[in-house]
Amino acid sequence: MRTHTCGELDKNHIDDQVTLCGWVQRSRDLGGMTFIDLRDRYGITQLVFNMDTDAILCDSARKLGREFVVMVTGTVTERSNKNLNMPTGEIEVVAQQIHLLNSAKTPPFTIEEHTDGGDDLRLKYRYLDLRRSQVRKNMELRHRVSQETRKYLDGQQFIEVETPVLIKSTPEGARDFIVPSRMNPGEFYALPQSPQTFKQLLMVAGFDRYFQLVKCFRDEDLRADRQPEFTQIDCEMSFVEQEDVLMMFEGLIKHLFSTVRQIDIGTIPRMTFDDAMKNYGNDKPDLRFDMKFVYLDDLVKGKGFKVFDDAETVVGINVPGAALYTRKQTDELTEFVKRPQVGASGLIYARHQDDGTVKSSVDKFFNAEELKKWSIVFNSSPGDLMLVAAGERSKAIRALSELRLEMGNRLELRDKNVFAPLWVVDFPMLEWNAETNRWFAMHHPFTAPRPEDIPLLESDPGRIKANAYDLVINGVEVGGGSIRISDKSLQQKAFRILGFTEEDAQSQFGFLMNAFEFGAPPHGGIAFGLDRLCSLLGGADSIRDFIAFPKNNAGRDVMIDSPSAIPQHQLDELSIEVKKQT
Ligand code: ASP
């Protein structure tokens, strides 16, 4: 129907006869002339209708409402009033014919770069929100990321294999989404939280390099910016050690940054889990800024200040240039760390003043000379503010980690268009859960211990390190993986430590352990969160903006209104009795 799109006409097309199709974004009636901005996926072109030359045509143009769908034929003409901010801004199309292809109701919000629509309204009419250039650009970026991922991995001999979506429920990890089986009354499928076991079976099958852009499902309690269904770039390789996996996927990430953002991110630095925790209180440190933790125990204990003396750990950060913070601002920081989510009981601060002296909130207990030593340990300069937390080690570290990020925000050190990627390596294999009194797999139960740590399985499981790694960018975990166990007896041992009985392990994961008896190659892999990766590459906060049809914060699709009740006969067929909601 059309000869061109609304995004491509420029001075080179002047005097050409063209036909465009699109939506009426806006129209302006200036008496003798009517201007219409016609929009499609590619851009906006200005149409002109002239009362003097064709009154009937101009009259019908005036009747076009917002979002009407039209086909217009006309001549490309140079604009007298040029708009150099848009690619088609030097021309306009003088219309000779117009066909109304469809009319439209007035949209519930303006479909422009800055819309007046609230979140829920935009989700309810997502197909209209997707007409907005910003949202459309996000989807284009996602498309690019997917295409470039496939290109890179295909070039490295990876084969994309689809794994099933109706699988089996397993207790490890998050909660499963469950699907009742009509043909097997009382039995259920689960939707995959990841294709983990299948990709390992593909390695046993000899596929050697696998990937899949795959939907995964986790029925977790809702936190901001989580989606119950999300997409992974899921990968697995055989005959590899950790180093091979890291190098292969560092290559992928570099490829994505260079093709999608034209950024060379260089070599990705590495940090052990222990160092990340010690220096940043966090296994996904944001390295766009420094503010490393400084431990003060030796310096400050035994001076009569009970908070420090009774603390397991006294730890602080030096905040450059924040010494001029007012009392009100430091009070705000204290309130910040005292919030239940952060959990500290208070905050001590010391200002490195312009004259070189240090003034603190605990001057009663520390004299000038002692405070001077603080500034040496913190390596502070005049104008800096030292912030100190004390207490139980894990709590103090967690609170200071939150505070560090908050200071990064306040000092605008977390620019969304600056990227600080990092491999975090040497994760512990297990994590003790005091509530349930048992070990949990820090990554998942298929993660291999470092070979040299295998003897600790019996004696001191908490000290075992795994060949497990995360890719962190700007404080966000973008991907994670590990070298896997490929030996049946080691896998059995791992399940035992995780509290599985022999029978449970066999009934839930027997298929995998049996496969290990038929020649399993050494293997390992990784999975990246595609939605999250796209939002990072797009310089945005929310993954929702990079998903065509996302769910809202309550896990609902407000457009199709799901989840929803189903008719009784369907429930009967599935042998499901629904408890009456009270
Ligand atoms: N399946 C893992 C996950 O979803 C990733 C991996 O170990 O490859 O986190």
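Values below: all heavy atoms of this structure, side chains included; hydrogens, waters and symmetry mates excluded. Whatever order the structure lists them in is the order used to number ligands and atoms, beginning at 1.
- H255 meets the ring pair (Phe, Tyr, Trp, His ring centres under 6.0 Å) test with Y152; sequence neighbours excluded.
- Judged as a ring pair (Phe, Tyr, Trp, His ring centres under 6.0 Å), and not counting sequence neighbours, F336 has no contacts.
- Tested against R484, the residues E236, Q200, H523 include a single side chain to side chain donor-acceptor pair (under 3.5 Å) partner, E236.
- A donor-acceptor pair shorter than 3.5 Å cannot be found between the side chains of Q227 and D531.
- Remark: R438 is positioned above the aromatic ring of F440, its terminal NZ or CZ atom under 6.0 angstrom from the ring centre and at most 45 degrees off the axis.
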For ligand 1, find each of its N or O atoms that sits under 3.5 Å from a protein N or O atom, and tabulate the pairs with distances to one decimal place.
residue: ligand 1; atom: 1 (N); partner: S194; partner atom: OG; Å: 3.1
residue: ligand 1; atom: 1 (N); partner: Q196; partner atom: OE1; Å: 2.7
residue: ligand 1; atom: 4 (O); partner: R218; partner atom: NH2; Å: 3.1
residue: ligand 1; atom: 4 (O); partner: Q232; partner atom: NE2; Å: 3.0
residue: ligand 1; atom: 7 (O); partner: Q196; partner atom: OE1; Å: 3.4
residue: ligand 1; atom: 7 (O); partner: H443; partner atom: NE2; Å: 2.8
residue: ligand 1; atom: 7 (O); partner: H444; partner atom: NE2; Å: 2.9
residue: ligand 1; atom: 7 (O); partner: R484; partner atom: NH1; Å: 2.8
residue: ligand 1; atom: 7 (O); partner: R484; partner atom: NH2; Å: 3.3
residue: ligand 1; atom: 8 (O); partner: K199; partner atom: NZ; Å: 2.6
residue: ligand 1; atom: 8 (O); partner: R484; partner atom: NH2; Å: 2.7

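- For S459, there are no side chain to side chain donor-acceptor pair (under 3.5 Å) partners, not counting sequence neighbours.
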